[in-house]
Amino acid sequence: MNNTTIIFENANKVFLNNQVDLILSGVSERTLCGSLMRYLQEEIKKTNYSKYHVDVEYNRNRGKVKTIINQNIEVMPINCDIIVHSRGEIPEQDNLIAIEMKKSTNRNSEKIKDKNRLIALTKDTFDDVWSFDGRNLPEHVCRYKLGVYYEVNIGQREVYVEYYKKGKLSSIKKFMLKNRSN
């Protein structure tokens, strides 16, 4: 497991333990993302990535709207549910973690869009060429170390997670939502 996966899993464990009632209450994905973001920020502070930011629905790179090139070679603006990034301050590794969250009741077409976005974001390049000059970020966003597809299934009391690395699905996990012990 790499550092970004460990960071995510540590934050997710605390989130699932502390916020099970919130998760099972049926609140919006945006509310869940806001809560998970706080745990990610706390976890990031403990690591060598402490200068990175955790943002909800952030879509800028030094003032420009972040874009990707999809599988149809179309330029698409992106707006991930949660991202861990340097906000362009560390060009050699600006992007760390991208998270897309869905409830299990969402349409499959929406879930597939999120997964395809994570594939594009975690590729090493958007066109198989990425020259790094130490100052400029690539025109289209890529090189996230970890993409996380996060699906909440309230009825089954579980969270289904897919991890994406280097443009490919790398592993799948399920986390059970347990009642909090007092």
Side-chain angles (χ1 to χ4, degrees), residues 1-15 30 32-71 73-102 113-151 159 161-173 175:
M1 228 181 324
N2 70 22
N3 287 347
T4 53
T5 305
I6 292 168
I7 290 167
F8 169 77
E9 288 198 352
N10 288 344
N12 187 50
K13 180 180 178 184
V14 178
F15 170 67
R30 183 176 291 175
L32 295 176
C33 288
S35 186
L36 177 57
M37 176 191 80
R38 293 185 356 246
Y39 293 97
L40 272 169
Q41 188 65 62
E42 286 303 311
E43 197 60 37
I44 289 287
K45 285 180 188 177
K46 302 174 193 174
T47 72
N48 58 332
Y49 298 118
S50 62
K51 293 185 178 175
Y52 283 75
H53 307 276
V54 183
D55 290 314
V56 175
E57 296 186 354
Y58 192 92
N59 68 349
R60 294 288 187 271
N61 229 2
R62 292 187 177 165
K64 291 176 56 179
V65 173
K66 289 186 177 192
T67 60
I68 58 172
I69 298 210
N70 69 12
Q71 65 274 18
I73 319 298
E74 300 167 317
V75 175
M76 307 286 297
I78 65 153
N79 193 352
C80 289
D81 291 327
I82 303 173
I83 60 172
V84 179
H85 63 139
S86 76
R87 294 184 185 158
E89 296 165 7
I90 306 171
E92 57 273 9
Q93 186 60 61
D94 181 37
N95 304 310
L96 292 182
I97 303 172
I99 301 171
E100 292 289 4
M101 185 182 288
K102 286 283 183 262
K113 281 183 190 176
D114 280 359
K115 292 174 185 187
N116 286 337
R117 188 175 308 111
L118 292 169
I119 288 168
L121 289 171
T122 58
K123 284 184 173 182
D124 282 338
T125 67
F126 60 88
D127 60 359
D128 298 323
V129 176
W130 189 67
S131 60
F132 175 64
D133 65 5
R135 295 184 312 271
N136 296 308
L137 297 166
E139 181 180 355
H140 305 291
V141 180
C142 57
R143 298 186 69 235
Y144 275 87
K145 288 189 164 290
L146 177 67
V148 179
Y149 173 76
Y150 196 97
E151 187 173 306
V159 172
V161 175
E162 291 180 0
Y163 293 108
Y164 291 85
K165 296 176 185 168
K166 297 192 176 284
K168 296 182 187 316
L169 176 64
S170 69
S171 63
I172 298 171
K173 288 194 175 183
F175 300 90

Between NE2 on residue His53 and OG on residue Ser86, distance to nearest 0.5 Å = 7.0 Å
Can you sort out the partners of Tyr52 under ring pair (Phe, Tyr, Trp, His ring centres under 6.0 Å), two or more places apart, ordered by chain and number?
-> Tyr49
Close side-chain approach of Ile82 and Leu40, heavy atoms under 4.5 Å | yes
Determine yes or no for a side-chain-to-main-chain donor-acceptor pair under 3.5 angstrom, with Asp81 supplying the side chain and Met101 the backbone.
-> yes
From Leu118 atom CG to Leu146 atom CG, the distance as rounded to the nearest 0.5 Å = 9.0 Å
Are side-chain heavy atoms of Val159 and Val161 found at a separation under 4.5 Å?
-> yes
Those residues at least two apart in sequence (or on a different chain) that pass side-chain contact (heavy atoms from CB on, under 4.5 Å) with Ser171 are Tyr163
Could you grab the distance from atom CG of Leu121 to atom CD1 of Ile99, nearest 0.5 Å is fine?
-> 12.0 Å
What closest approach, in Å, do Leu36 and Asn12 show between heavy atoms, and which atom pair accounts for it?
-> CD1-CA, 4.3 Å
Set of side-chain hydrogen bond (donor to acceptor under 3.5 Å, both in side chains) partners for Arg30, sequence neighbours left out | Glu57
Electrostatic pair Arg87-Asp94, nearest N-O below 4.0 angstrom = no
Looking only at heavy atoms, what is the nearest atom pair of Gly167 and Thr122, with distance?
-> N-OG1, 3.0 Å
Show your reasoning for whether salt bridge (Lys or Arg N to Asp or Glu O under 4.0 Å) applies to Glu9 and Lys173.
-> CA-CA 10 Å; Glu9 288 198 352; Lys173 288 194 175 183; 2.9 Å; yes
So do the side chains of Cys80 and Arg117 get within less than 4.5 Å of each other, counting heavy atoms only?
-> yes
Polar side-chain atom of Ser35 near backbone of Leu32 as donor-acceptor pair, under 3.5 Å | no
Hey, does Asn3 have a side-chain heavy atom less than 4.5 Å from the side chain of Thr47?
-> no
Any side-chain heavy atom of Ile44 sitting closer than 4.5 Å to one from Val54?
-> yes
Taking only residues two or more places apart in sequence, or in another chain, which ones meet Lys115 in a side-chain contact (heavy atoms from CB on, under 4.5 Å)?
-> Tyr149, Glu162, Tyr164
Are a donor atom and an acceptor atom from the side chains of Lys165 and Thr5 found within less than 3.5 Å of each other?
-> yes
Parallel, tilted or perpendicular, as decided by the 30° and 60° cut-offs, for the rings of Phe15 and Tyr150 = tilted
Which residues satisfy the salt bridge (Lys or Arg N to Asp or Glu O under 4.0 Å) test with Lys168, sequence neighbours excluded?
-> none
With sequence neighbours excluded, tell me which residues meet side-chain contact (heavy atoms from CB on, under 4.5 Å) with Lys45.
-> Gln41, Glu42
Would you please name every residue forming a side-chain hydrogen bond (donor to acceptor under 3.5 Å, both in side chains) with Lys13, sequence neighbours left out?
-> none
When rounded to the nearest 0.5 Å, the distance separating CD1 of Ile83 from CD1 of Ile97 is 11.0 Å
Taking side-chain hydrogen bond (donor to acceptor under 3.5 Å, both in side chains) as the test, write out the residues that go with Lys102, two or more places apart.
-> Asp114
Measuring from Leu96:CG to Lys145:NZ, what's the distance to the nearest 0.5 Å?
-> 7.5 Å
